[in-house]
Structure formats: C-alpha cells, structure tokens
Amino acid sequence: MMFMTSGVDSLVKEGVIKDKDILIALCKFTSNDWGILCDEDKELQNELLKNPKSKYIDRFMGVYMIHEIKIWIMSEYDYSIENLIYTVLLPEEY
C-alpha cells in the first residue's frame, strides 16, 4: 500500500514530478537502494535487513532526488491492517 502526502501529490498534479519518477524511486527503495541517505543510516538499515522479520518491526527510509526536488520514502508495517505501508513525502512534511 502506498500513500503520497499532499505536497508530493500537488507536484504530481502540476506535472513537476511524474508518476513514473515516483515508481522508479519506489522500485529502488523496495530493492534496498536507499538513494542519497547518509552512509551511516544506509549501513544501519542494511544491518537491520539481516533479520528476516525486519520489514515487519523496523521503519526504513530512502532519500531520492527527482528533478532537483528531494523526496523521502518511508516504510512501516501496520499491524492493524496487516500490510506494509509506503509513504512518499517531502522532507518538510515530516
């Protein structure tokens, strides 16, 4: 399940960011490519992945540049709906 914040949604509606750009970033994220996240945080997340259940207990984050606009992608498992939630947001919306 994927959600976009209002800021990202507005950029898509205005044509500044295309759906394809979001999908490319999501594909990278789901392949454990954390984008331009700092090296220390990349190492931490890669270490967490050694636990097969990490996607169900830890929050993961990726940082990507799309047309000089920084976006974040975060994932967290929601036990109330038993689903992994991906959120695409602008840093200022956190």
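Atom set for the values below is all heavy atoms of this structure, side chains included, hydrogens, waters and symmetry mates excluded. These numbers come from a predicted model, not from an experiment.
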Are Ile85 and Val8 linked, directly or through other ILVMFWY residues, by side chains that come within less than 4.5 angstrom of each other?
no
Decide yes or no for Leu89 and Met4: does some side-chain heavy atom of the first lie under 4.5 Å from some side-chain heavy atom of the second?
no
Do other residues, nucleotides or ligands put more than 12 heavy atoms under 6.0 Å from Asp19 CG?
no
Ser31: what forms a side-chain hydrogen bond (donor to acceptor under 3.5 Å, both in side chains) with it, not counting sequence neighbours?
none
Drop me the distance from Glu47's CD to Ser54's OG, to the nearest 0.5 angstrom.
10.5 Å
Out of curiosity, does Ile24 fall in the hydrophobic cluster containing Val88 (side-chain heavy atoms, cut-off under 4.5 Å, transitive links)?
no
In this structure, CG of Asp58 is separated from NZ of Lys53 (nearest 0.5 Å) by 13.0 Å
Is Asn46 reaching over with its side chain to a backbone N or O of Lys42, donor-acceptor style, under 3.5 angstrom?
yes
Taking the six-membered ring of Phe29 (Phe, Tyr or Trp), confirm whether the NZ or CZ of Lys55 is under 6.0 Å from its centre and within 45° of its axis.
yes
Side chain proximity check, Trp72 to Tyr94, heavy atoms < 4.5 angstrom
yes
Is there a side-chain contact between Ile36 and Lys70 in this structure, where contact means two heavy atoms from C-beta onward sitting under 4.5 Å apart?
yes
Counting only heavy atoms not in Glu40, do more than 12 sit closer than 6.0 Å to its CD atom?
no
Side chains of Leu26 and Tyr86, heavy atoms from C-beta outward: is any pair under 4.5 Å?
yes
Tell me whether Val63 shares a hydrophobic cluster with Met65, the cluster being built from Ile, Leu, Val, Met, Phe, Trp, Tyr side chains joined at under 4.5 Å.
yes
Does Tyr77 reach the side chain of Glu82, with side-chain heavy atoms less than 4.5 Å apart?
yes
Using the rule that two of Ile, Leu, Val, Met, Phe, Trp, Tyr join whenever any of their side-chain heavy atoms come within less than 4.5 Å, decide whether Leu37 and Leu49 are in one cluster.
yes
Donor-acceptor check, side chain of Gln45 to backbone of Met61, threshold 3.5 angstrom: yes or no?
yes
Return the set of residues passing ring-ring contact (aromatic ring centres under 6.0 Å, His included) with Tyr64 (not counting sequence neighbours), or none when no residue passes.
none
Is the closest side-chain heavy-atom distance between Met1 and Ile81 below 4.5 Å?
yes
Donor-acceptor check, side chain of Glu93 to backbone of Leu90, threshold 3.5 angstrom: yes or no?
yes
Run the numbers on Leu11 and Ile71 for side-chain contact (heavy atoms from CB on, under 4.5 Å), then give the verdict.
CA-CA 11 Å; Leu11 291 171; Ile71 65 159; 5.9 Å; no
Mind checking whether Leu44 and Tyr56 sit in one hydrophobic cluster, side chains of I, L, V, M, F, W, Y counted as touching below 4.5 Å?
yes
Rounded to the nearest 0.5 Å, the OG1 atom of Thr87 sits from the CD atom of Glu76 at a distance of 8.0 Å
Show your reasoning for whether side-chain contact (heavy atoms from CB on, under 4.5 Å) applies to Ile66 and Val16.
CA-CA 9 Å; Ile66 300 176; Val16 176; over 6 Å; no
Qualifying residue, where the test is side chain to side chain contact (heavy atoms under 4.5 Å, CB included) with Phe60 and the options are Leu48, Leu84, Ile73:
Leu48
